**Q** 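I am attaching a structure below and will ask some questions about it afterwards.
Here, residue 1 is the first one in the sequence, and each next residue gets the next number. Values in this document were obtained by computation on a predicted structure and should not be read as measured data.
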Amino acid sequence: MGLTNQSTGTKVLKEMFRVQSESPKDIIVALAGNPNTGKSTVFNNLTGLNQHTGNWPGKTVANAQGKFMHENNTYILVDLPGTYSLLANSVEEQIARDFICFGHPQVTVIVTDATCLERNLNLVLQILEITDKVVVCVNLMDEAKRKKISIDLNHLSELLGVPVVGTTARDGKGLEKLKDIIAKVALGKVRTTPKKIQYDEIIEKAITEIEPYIQNSINDQLNSKWTALRLIDSDNLLLESINNYLDFDLSKDELLNLTLKKTHLELEKEGFKLEDIRDQIVSNIFKTAENITQKVVSSQSKTYHPIDRKIDHILTSRLFGIPIMLALLGFVFWLTIEGANIPSNILANIFLLLEKKLVLFLGWLNTPIWIHDIFILGIYRTLTWVISVMLPPMAIFFPLFTLLEDLGYLPRIAFNLDHFFKKACAHGKQALTMCMGFGCNAAGVISCRIIDSPRERLIAIITNNFVPCNGRFPILISMATLFIASTHDTFNSLLATLSILGVIILSVIITLFISKLLSKTILKGLPSSFTLELPPYRKPQIGKIIIRSIFDRTLFVLGRAVAIAAPAGFIIWLMANVTIGSTSILTHCAQFLDPFSQLLGLDGYIMMAFILGMPANEIVIPILIMSYMSEGTMLELDSLIEMKQLFIANGWTWLTAICTMLFTLNHWPCGTTLWTIKKETQSWKWTWMSFLIPTLTGFVICFIVAQGARLLNLV
């Protein structure tokens with residue numbers, strides 16, 4: 001009995017793999033490959049700026065599409081998630097496999113790494129079992145030359161039965177030839193005869209018995225031999241995808257099921273247990289890849305590159321790895337904070353001049369004063385505060401972070417911290433997402449996509465807010481400078497720096513503690529293993545780093561922040577200017593929160609500043625100053641000394657500053673981050689958990705510190 005489109009979800013599957021194109025004549029090209037093969041570089045260089053990114057429908061995995069023109073034809077290039085195998089163990093592998101099977105690309109380009117071709121051929125051979133419209137791109141030919149590795153591309157093409165093109169995508173070498181070959185394969189000008197893997201005799205016999213039943217059912221909609229192999233392997237995820245693609249359910253085919261059961265029994269008699277079949281299949285693939293590699297690759301250096309090894313002996317050593325990492329990250333933070341001051345001031349001055357012009361324009365229009373105040377003093381000032389404070393640090397931090405990524409250092413950070421995250425029952429890749437959170441927690445949440453395990457991805461998302469983003473650094477720096485280091489003029493700068501470093505270390509410790517707590521309670525489970533590849537160190541491409549980090553990260557996050565800050569500016573102005581009796585709503589709320597806030601070492605105005613600063617932490621200090629001075633608009637004092645005098649006049653002590661720093665470190669995520677969490681998890685439940693967990697942590701820590709200091713009569 002066949003299933004309908006509605007019951008199988010065929011429409012949903014087709015929608016998932018629908019490629020945005022302007023014409024039905026556009027040629028769809030899938031771009032597949034292992035991670036760290038330069039696949040994204042090939043994609044970026046082929047498509048230029050003609051690309052867009054999003055998520056696969058219903059998934060949190062990135063979906064990048066772009067187009068390029070060649071000989072009057074338009075090619076839509078779909079950058080599939082990097083994967084080592086099509087034997088789906090993760091969402092990324094499942095998406096890559098299903099797109100190649102069901103997305104109907106006219107050509108599949110497989111990007112491989114010339115320095116480790118054998119490992120990459122495993123994926124190539126698996127894809128060749130699915131489709132014959134394949135082009136193999138052997139990238140990083142310059143790296144292979146540097147390591148004295150030579151590859152006979154023509155012989156490799158003969159052995160694989162498909163075209164092979166050598167490229168150095170970073171320099172654009174070989175990409176024109178790649179376009180030519182893609183066009184010839186797509187238009188049928190090149191005949192391909194893909195290499196077929198020869199499995200063990202007993203497995204080949206099993207395939208032969210099942211394949212005829214598959215051919216009768218699928219009518220050449222899928223490769224029958226490959227589908228038969230997956231049925232023998234009992235790949236349930238693939239069966240689900242097939243059932244969602246075809247007009248019937250293979251599991252309802254009684255004759256096929258009887259043959260399949262008979263085949264499994266025969267395999268067991270020959271010593272092949274069901275759970276061992278996949279291992280045997282993978283073993284055959286590996287042997288084939290090894291045989292091909294031995295015939296086409298020659299190398300004068302049989303081992304890992306000696307220079308890379310010497311560097312790794314230092315950067316990943318137990319003695320120097322962590323200190324070097326902390327020093328390097330500290331330098332990045334310092335450069336971000338110091339370097340952002342000048343452009344932030346420039347932007348603030350530009351916005352101030354623009355504000356004056358807008359005031360004159362509204363005056364010329366005879367705009368009512370209340371509209372002027374809402375638009376200029378509320379919405380405009382909030383937006384300009386967010387942009388002038390957020391944009392410069394992100395524009396510095398993200399390129400620096402991308403530079404470390406391009407150099408190949410970020411996997412070394414994950415290697416150094418993997419042991420600590422394993423102890424916390426979390427994923428080693430969480431180290432990378434945590435580091436990204438130092439620039440922006442919203443970007444850190446997005447980067448959690450690199451974690452395969454849904455459970456561990458949720459842990460990384462929920463705990464990402466425990467590391468301070470660039471919006472919280474101004475608060476931390478102000479408190480450290482005014483109340484911790486100010487009494488020691490000689491070592492003022494050093495003490496402030498050490499205070500911030502201590503806060504960062506504390507944030508990492510809290511992240512690990514909460515990660516383990518989540519793993520033992522609401523997100524129980526064992527830490528998963530993952531393949532951590534240490535790619536070769538490479539010369540970074542500065543221009544592309546700046547473009548990628550600015551467009552893909554900085555402007556993306558800033559856009560979300562601006563969308564949230566605009567309505568927040570109106571609410572802040574409203575609460576500061578609308579009065580009940582002779583007191584503003586803001587003051588009423590602060591007085592209501594004051595008893596509870598005092599228990600945490602804060603006061604009601606500080607708590608209200610954090611609440612109203614939810615759109616962006618950058619506006620917490622301006623709101624606090626506005627509240628203390630009973631002004632109706634956000635403002636900034638001319639110096640830190642004036643700020644300290646204002647705070648002391650309103651009852652601040654060193655304990656207030658410490659608790660403010662701790663609460664800055666541990667409180668609810670900003671609106672942009674919460675929005676991003678909702679987008680990534682597709683769940684209000686986990687969005688609320690991401691709000692409550694850091695908030696409750698902050699309440700507990702501040703309460704313990706404040707009450708402990710008071711019991712010991714330290715204040």
Side-chain angles (χ1 to χ4, degrees), residues 29-39 41-42 45-46 82 84-86 107-186 189-198 282-308 533 535-536 538:
V29 180
L31 191 65
N34 290 182
N36 298 314
T37 58
K39 182 169 64 69
T41 305
V42 173
N45 284 358
L46 286 178
Y84 292 99
S85 170
L86 294 185
V107 184
T108 299
V109 178
I110 311 170
V111 182
T112 61
D113 184 347
T115 64
C116 46
L117 186 63
E118 180 180 332
R119 185 194 65 208
N120 287 228
L121 284 179
N122 297 321
L123 179 65
V124 173
L125 292 169
Q126 290 178 55
I127 292 177
L128 288 177
E129 289 188 302
I130 299 173
T131 174
D132 59 350
K133 298 292 187 178
V134 170
V135 176
V136 176
C137 171
V138 182
N139 193 33
L140 303 174
M141 293 296 288
D142 58 332
E143 293 286 340
K145 183 178 179 180
R146 183 171 70 90
K147 296 182 178 182
K148 299 180 180 180
I149 299 172
S150 61
I151 302 173
D152 189 339
L153 298 178
N154 292 329
H155 192 28
L156 178 61
S157 178
E158 293 173 2
L159 293 174
L160 293 176
V162 296
V164 176
V165 181
T167 63
T168 302
R170 292 160 60 85
D171 300 327
K173 295 180 180 179
L175 294 183
E176 284 301 319
K177 183 178 180 181
L178 179 62
K179 289 181 182 179
D180 291 336
I181 297 298
I182 291 173
K184 289 178 180 178
V185 173
K189 296 180 180 180
V190 172
R191 184 181 178 185
T192 59
T193 55
K195 169 74 176 179
K196 300 303 179 184
I197 301 170
Q198 188 66 34
V282 171
S283 176
N284 291 141
I285 296 173
F286 274 44
K287 287 178 182 178
T288 306
E290 182 182 5
N291 291 334
I292 294 175
T293 304
Q294 289 174 351
K295 295 176 182 178
V296 300
V297 177
S298 60
S299 174
Q300 299 178 26
S301 175
K302 299 293 184 182
T303 59
Y304 189 67
H305 197 268
I307 296 177
D308 289 355
E533 181 181 6
R538 295 166 182 160

**Q** Side chains of T288 and Q198: closer than 4.5 Å at any heavy-atom pair?
**A** no
**Q** Return the minimal non-hydrogen interatomic distance between A144 and T115, and the atom names on each side.
**A** N-CG2, 3.6 Å
**Q** Can you confirm whether the side chains of S298 and S150 place a donor and an acceptor under 3.5 Å from each other?
**A** yes
**Q** Using atom types as modelled and distance alone, determine if a side-chain donor or acceptor of T131 lies under 3.5 Å from a backbone N or O of K133.
**A** yes
**Q** Mind listing the closest non-hydrogen atom pair of A114 and I149 along with its distance?
**A** O-CG2, 4.0 Å
**Q** Would V162 and V135 count as a side chain to side chain contact (heavy atoms under 4.5 Å, CB included) if you check the C-alpha gap in whole Å, the side-chain angles of each, and the deciding distance to 0.1 Å?
**A** CA-CA 6 Å; V162 296; V135 176; over 6 Å; no
**Q** Rounded to the nearest 0.5 Å, what separation is found between the NZ atom of K177 and the CD1 atom of I181?
**A** 6.5 Å
**Q** Yes or no on side chain to side chain contact (heavy atoms under 4.5 Å, CB included) for L125 and K195, after CA distance, side-chain angles and deciding distance?
**A** CA-CA 7 Å; L125 292 169; K195 169 74 176 179; 4.1 Å; yes
**Q** Between C137 and I110, is any pair of side-chain heavy atoms under 4.5 Å apart?
**A** no
**Q** To check you understand the geometry: which heavy-atom pair defines the closest contact between Y84 and Q126, and what is its length?
**A** O-NE2, 4.5 Å
**Q** So, taking the atom named NZ in K39 and the one named OG1 in T112, what distance separates them when rounded to the nearest 0.5 Å?
**A** 13.0 Å
**Q** Please answer whether the main-chain N or O of N122 pairs with a side-chain N or O of S85 as donor and acceptor at a distance below 3.5 Å.
**A** no
**Q** Any non-hydrogen side-chain atom of K295 less than 4.5 Å from a side-chain atom of L159?
**A** yes
**Q** I want to check something: taking the side chain as every heavy atom from C-beta on, are N34 and D113 in contact at a cut-off of under 4.5 Å?
**A** no
**Q** Is there side-chain contact between L46 and L175, with heavy atoms separated by less than 4.5 Å?
**A** yes
**Q** Walk me through it: do N139 and T37 pass the test side chain to side chain donor-acceptor pair (under 3.5 Å)?
**A** CA-CA 7 Å; N139 193 33; T37 58; over 6 Å; no
**Q** Which value, rounded to the nearest 0.5 Å, describes the distance between L140 atom CG and T41 atom OG1?
**A** 8.0 Å
**Q** Decide yes or no on salt bridge (Lys or Arg N to Asp or Glu O under 4.0 Å) for K179 and E176, but give the supporting numbers first.
**A** CA-CA 5 Å; K179 289 181 182 179; E176 284 301 319; 3.6 Å; yes
**Q** Do you know which two heavy atoms are closest between N120 and V111, and how far apart they sit?
**A** OD1-O, 4.1 Å
**Q** Working to the nearest 0.5 angstrom, can you tell me the gap between Q294 CD and I292 CD1?
**A** 10.5 Å
**Q** Can you check whether L121 reaches L160 side chain to side chain, under 4.5 Å on heavy atoms?
**A** yes
**Q** Where do V134 and D132 land on the side chain to side chain contact (heavy atoms under 4.5 Å, CB included) test, with the steps shown first?
**A** CA-CA 6 Å; V134 170; D132 59 350; over 6 Å; no
**Q** Run the side chain to side chain contact (heavy atoms under 4.5 Å, CB included) test on V138 and I151 for me, step by step, so that the C-alpha distance in whole Å, both residues' side-chain angles and the decisive distance to 0.1 Å come before the verdict.
**A** CA-CA 9 Å; V138 182; I151 302 173; 4.0 Å; yes
**Q** If you define the side chain from C-beta out and look only at heavy atoms, does anything of V42 sit under 4.5 Å from V109?
**A** no
**Q** I'd like to check E118 versus E290 (side-chain heavy atoms, cut-off strictly below 4.5 Å). Are they in contact?
**A** yes
**Q** Looking at every heavy atom in both D142 and D171, which two are closest together, and how far apart are they?
**A** OD2-OD2, 4.5 Å
**Q** Only one of D152, V164, V136 clears side-chain contact (heavy atoms from CB on, under 4.5 Å) with S157; which?
**A** V164
**Q** Which heavy atom in T293 sits nearest to a heavy atom in L117, and how many Å separate them?
**A** OG1-C, 4.5 Å
**Q** Counting neighbours of NZ on K196 that are heavy atoms of other residues, nucleotides or ligands and sit closer than 6.0 Å, is the number greater than 12?
**A** yes
**Q** Taking E143 first and then R146, would you say they form a salt bridge - that is, a charged N and a carboxylate O separated by under 4.0 Å?
**A** yes
